[in-house]
Amino acid sequence: MPESARYKRVLLKISGEALMGGREYGLDPVTVDRVAGEVKAVAALGVQVCLVIGGGNIFRGVSGAASGMERATADYMGMLATVINALAMQSALERKGVQTRVQSAIPMASVCEPYIRRRAVRHMEKGRVVIFAAGTGNPFFTTDTAAALRASEMACDALLKGTKVDGVYSADPKKDAKAVRFDRLTHLEVLARDLQVMDASAISLARENKIPILVFSIHEAGAFAEVMAGRGRFTIITDED
Ligand code: UDP
């Protein structure tokens, strides 16, 4: 591993909305391509990378449930949305020459591989980017939790959360001018202050498995690789000194 990378294996979580670009819904191909470029740059450092992508740009279970649908059914629709995003990202990465595999928590034999933990590890050891689709495979969960779960199962050194802003703030900096930015937090502080980084079950799972969470802006060019090198702007959530 080159000196420039601090971590050997990482999981990057991005929301579906991060792939929307300026659109109101769905996927913006230019944005998908740009994010794929960020992933390629990190894979090129020799870091093993896996991805969890949300589905909120297409469908969210809670909004389906709000319009009268049974929550579990709506959640399954949300999970299918994440498969669409995973396939779009796979295609963008492979166009750039990055080898990938999509593994779905809901088996979909003719579309992608089923989730098999040891197989996913093997793919990463061979330098393939593994994209985990369909969240945890269970309704009433989120892709944040799926990210913490897969990062734990893959024994990742870090969980990266690519967001709209360059770290964790005390309030939404786009809405509140007084919002304070944190450089460093513990998992417990995030939970106690109810900071909106990832949902509480994801934070708890990362805490139990001693996985640091690094929050950075996925919209800033080159930021993912910079964060991997310990440079650039990010908030680190860790229980270690
Ligand atoms: N979902 C689910 N179980 C999971 C992951 C996701 O039921 O393990 C559903 C849930 O309905 C969620 C939707 O998939 O609203 C899309 O995922 P999420 O909202 O986490 O996407 P993001 O906000 O990251 O784009």
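First listed ligand is number 1; within each ligand, the first listed atom is number 1. We're numbering straight along the sequence, starting at 1. We use all heavy atoms of the structure for the numbers below, so side chains are in, but hydrogens, waters and symmetry mates are not.
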Taking only non-hydrogen atoms of F59 and a 4.0 Å limit, the atoms of ligand 1 in range are 13 (C), 16 (C)
Check whether any side-chain N or O of E153 sits under 3.5 Å from a backbone N or O of A151 as a donor-acceptor pair, and report yes or no. no
Please confirm whether A81 approaches ligand 1 to less than 4.0 Å, judged on its heavy atoms. no
Protein contact of atom 5 (C) of ligand 1 - nearest heavy atom, named by residue and atom, plus distance: T142 C, 3.4 Å
Contact (N/O only, under 3.5 Å) between A74 and ligand 1: no
Taking only non-hydrogen atoms of G56 and a 4.0 Å limit, the atoms of ligand 1 in range are 21 (O), 22 (P), 25 (O)
Test item, V62 contacting ligand 1 (heavy atom, 4.0 angstrom): no
Nearest protein heavy-atom contact for atom 13 (C) of ligand 1: which residue, which atom, what distance? G78 CA, 3.6 Å
Heavy atoms only: which of E17, R60, M79 is nearest to atom 23 (O) of ligand 1? R60
Who passes side-chain hydrogen bond (donor to acceptor under 3.5 Å, both in side chains) against E125, sequence neighbours left out? R122
On the six-membered ring of Y115, is R150 placed so that its NZ or CZ lies under 6.0 angstrom from the centre and within 45° of the ring axis? yes
At under 4.0 Å between heavy atoms, what of T145 touches ligand 1? The answer is neither
With backbone taken as N, CA, C and O and side chain as the heavy atoms from C-beta onward, which portion of A146 lies under 4.0 Å from ligand 1: side chain, backbone, both, or neither? neither
Numbered in order shown, the ligand 1 atoms found under 4.0 Å of a heavy atom of G54 are 21 (O), 22 (P), 24 (O), 25 (O)
With M198 as reference, evaluate T163, I237, I213 under the side chain to side chain contact (heavy atoms under 4.5 Å, CB included) test and give the passing residue. I213
Closer than 4.0 angstrom: is that true for some heavy atom of M77 and an atom of ligand 1? no
So how far is it from R6 CZ to M228 CE, rounded to the nearest 0.5 Å? 9.5 Å
Protein residue, atom and distance nearest to atom 11 (O) of ligand 1, heavy-atom basis: D75 OD1, 2.5 Å
Assess the side chains of S204 and S201: does a donor N or O sit below 3.5 Å from an acceptor N or O? no
When distances are taken from atom 21 (O) of ligand 1, the protein heavy atom at minimum range is G55 N, 3.0 Å
Which heavy atom of the protein is the closest neighbour of atom 2 (C) of ligand 1, given with residue, atom name and distance? F141 O, 3.1 Å
Side chain to side chain contact (heavy atoms under 4.5 Å, CB included) between C156 and V10: does it pass, once the steps are laid out? CA-CA 5 Å; C156 288; V10 298; 5.5 Å; no
Give a yes or no on whether a salt bridge exists between R23 and D28, defined as a side-chain N under 4.0 angstrom from a carboxylate O. yes
Output the list of atoms in ligand 1 that are nearer than 4.0 Å to some heavy atom of T136, sorted by atom number. 4 (C), 8 (O)
Which residue holds the protein heavy atom closest to atom 18 (P) of ligand 1, what is that atom called, and what is the gap in Å? T143 OG1, 3.4 Å
If the threshold is 4.0 Å, N to carboxylate O, is there a salt bridge linking E113 and R101? yes
Look at atom 3 (N) of ligand 1 and say which protein heavy atom is nearest, naming residue and atom and giving the distance to 0.1 Å. N138 O, 2.7 Å
Of the non-hydrogen atoms in A74 and A65, which two are nearest, and what is the gap between them? CB-N, 3.9 Å
I'd like to check which ligand 1 atoms, numbered from 1 as shown, lie under 4.0 Å from a non-hydrogen atom of K13. 24 (O)
Look at K161 together with D144 and state whether they make a salt bridge at an N to O cut-off of under 4.0 Å. yes
Nearest protein heavy atom to atom 12 (C) of ligand 1, by residue and atom, and its distance? G61 N, 4.0 Å
Residue P139 vicinity, atoms of ligand 1 by number, heavy atom under 4.0 Å: 7 (O)
Would you indicate whether the side-chain heavy atoms of L51 and I14 approach each other to under 4.5 Å? no
Value rounded to 0.5 Å, distance of CD in E38 from CG in L160: 11.5 Å
